[in-house]
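Taking it in order: structure first as structure tokens, then the write-up.
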Amino acid sequence: MAEPRGCALQVENLSVSLGGHAILRNAGLVLQDGRTMAIIGQSGCGKTTLLKAIAGLLPVDSGRITVAGRPIDSLPPRARSAVYLYQEPLLFPHLDVFENVAFGLRIRGIAGAELQQRVRPMLEQLDLAALAKRRPQALSGGQRQRVAFGRALIIEPALLLLDEPFSNLDPEARMGMQTLFKTVAGAHGIASIFVTHDVKEALLIGDAFGLLRGGQLHVYRDRAGFLADPASGVSREAEFWRQVRSTEAEAPRQPER
């Protein structure tokens, strides 16, 4: 299959087995530059396996993966121009915020004024400038996730792979990170795959949509197709909140004191 113009990622017929069990079966997707594909699915459906296979962290049975026009199937993870972000931000505890964000640049030999010119704006963009000298253990969960996000973006990867990165945050911090992700990822024009089991999060984050179920990946043609498919869970979510609002409207009001 010819790679579409402006394609950041193309996955063809990707199959992965673990412990003798098929986890992914002939998965395929195309992701354009600067877009985010939100993939939903219940626990155990293969979401993490898909991301790790693309990142080179798991062996594959068959299939082809191309990032930014380059086949990466045989490349080690560090050479794939893809960054994998876990649910729990894995920061270096002995480094402060500035050095955690700067880490990828330093190992590429960037230092001095150039390092400062690249890291300082990133800290400002992520509202971390005032925390530059703090260690990870002195940060909140949302702040640590922002540091991990900055460390990923600073090296300008071709692809971000996000494995339910905000699921461990409290609701307020999670909403803040969802909005921040959309803003910063859009500003940097980096293509992303964002996996989640939360339909509302998928609708907020995604430009394109997929559903993983039983090892099979279905990619929707557009947002309307995702909304219309009963299997996506959008209609169930909408009905749930309709009933909540109806119940609240019918509840007797307490007299004012």
Side-chain angles (χ1 to χ4, degrees), residues 8-31 35-67 72-73 75-91 141-142 144-145 147-149 151-153 157-169 173-174 177-178 181 185 190-220 226 231-233:
L9 169 69
Q10 184 166 8
V11 176
E12 300 175 79
N13 301 317
L14 185 67
S15 295
V16 180
S17 297
L18 297 174
H21 299 285
I23 307 298
L24 285 179
R25 302 180 185 89
N26 299 315
L29 64 89
V30 174
L31 179 62
R35 290 172 65 80
T36 296
M37 177 176 287
I39 297 178
I40 65 168
Q42 298 302 313
S43 297
C45 70
K47 301 190 303 295
T48 293
T49 298
L50 173 65
L51 295 189
K52 287 187 173 182
I54 294 171
L57 302 175
L58 285 177
V60 304
D61 299 332
S62 60
R64 184 171 182 265
I65 307 169
T66 303
V67 172
I72 64 169
D73 312 88
L75 298 179
R78 65 180 181 277
R80 293 194 174 203
S81 196
V83 174
Y84 182 100
L85 288 181
Y86 297 80
Q87 294 177 3
E88 189 65 32
L90 302 179
L91 305 179
R144 288 195 295 272
Q145 197 61 267
V147 175
F149 190 34
R151 187 174 63 187
L153 287 173
L159 181 66
L160 279 178
L161 303 168
L162 300 109
D163 191 353
E164 302 199 51
F166 312 142
S167 62
N168 291 335
L169 303 179
R174 184 170 185 166
M177 281 302 302
Q178 290 166 348
F181 169 78
I190 296 176
S192 309
I193 296 182
F194 191 107
V195 304
T196 179
H197 64 274
D198 187 314
V199 173
K200 291 185 294 183
E201 185 168 65
L203 287 168
L204 176 65
I205 294 294
D207 304 305
F209 302 92
L211 170 66
L212 248 174
R213 187 168 56 176
Q216 300 281 342
L217 175 62
H218 174 70
V219 176
Y220 296 89
F226 179 66
S232 72

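Below, each value reflects all heavy atoms present in this structure, side chains not excepted, and no hydrogens, waters or symmetry copies.
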Shortest non-hydrogen contact between Pro77 and Gly56, atoms and distance: CG-O, 3.4 Å
CG/Leu57 to CG/Leu51 distance, rounded to the nearest 0.5 angstrom? 9.5 Å
Begin from the C-alpha positions of Ile205 and Leu162 and carry the test side-chain contact (heavy atoms from CB on, under 4.5 Å) through to its verdict. CA-CA 11 Å; Ile205 294 294; Leu162 300 109; over 6 Å; no
Rounded at 0.5 Å granularity, tell me how far CZ in Phe181 sits from CG in Leu160. 6.5 Å
Pair Phe166 and Phe194, ring centroids less than 6.0 Å apart: yes
Closest heavy-atom contact between Ala38 and Ala202? CB-O, 3.7 Å
Could you check whether any side-chain heavy atom of Val219 comes within less than 4.5 Å of a side-chain heavy atom of Val30, counting everything from C-beta outward? no
Working to the nearest 0.5 Å, report the span between OG of Ser62 and CG of Asp73. 10.5 Å
What do the steps show when you test Lys52 against Val16 for side-chain contact (heavy atoms from CB on, under 4.5 Å), and what is the final call? CA-CA 10 Å; Lys52 287 187 173 182; Val16 180; over 6 Å; no
Give me the atom names and distance for the closest heavy-atom approach of Arg174 to Ser167. NH1-CA, 3.8 Å
Non-hydrogen atoms of Ile72 and Ile54 that approach each other most closely: CD1-O, 3.7 Å
Is a side-chain donor or acceptor of Lys47 paired with a backbone partner of Gly41 at a separation under 3.5 angstrom? yes
Answer yes or no: is there a side-chain heavy-atom contact under 4.5 Å between His197 and Ser43? no
Could you please spell out the steps behind the side-chain contact (heavy atoms from CB on, under 4.5 Å) verdict for Arg144 and Asn168? CA-CA 11 Å; Arg144 288 195 295 272; Asn168 291 335; over 6 Å; no
Do the side chains of Gln178 and Thr196 get nearer than 4.5 Å, heavy atoms only? no
So Leu9 and Met37, do their side chains get closer than 4.5 Å, heavy atoms only? no
Do Arg64 and Asn13 make a side-chain contact, defined as non-hydrogen atoms from C-beta onward lying under 4.5 Å apart? no
For Gln42, look at atom CD and say whether over 12 heavy atoms of other residues, nucleotides or ligands are found less than 6.0 Å away. no
Closest heavy-atom pair and its distance - Ser81, Val67: O-CG1, 4.4 Å
With heavy-atom distances below 4.5 Å as the criterion, would you say the side chains of Ser232 and Val199 are in contact? no
Report yes if the side chains of Tyr220 and Leu211 come closer than 4.5 Å at any heavy-atom pair, otherwise no. yes
Distance-minimising heavy-atom pair for Leu29 and Leu217: CD2-CD2, 3.8 Å
So CG of Asp163 and OG1 of Thr48: to nearest 0.5 Å the spacing works out to 3.5 Å
Rounded to the nearest 0.5 Å, what separates atom CD1 in Ile39 from atom NE2 in His218? 12.0 Å
Just verifying a value: how many Å separate Arg35 CZ and Asp207 CG, rounded to the nearest 0.5 Å? 5.0 Å
Checking Leu161 against Leu50 for the side-chain contact (heavy atoms from CB on, under 4.5 Å) test, could you report, in this order, the C-alpha distance in whole Å, the side-chain angles of both residues, the deciding distance, and whether it holds? CA-CA 10 Å; Leu161 303 168; Leu50 173 65; over 6 Å; no
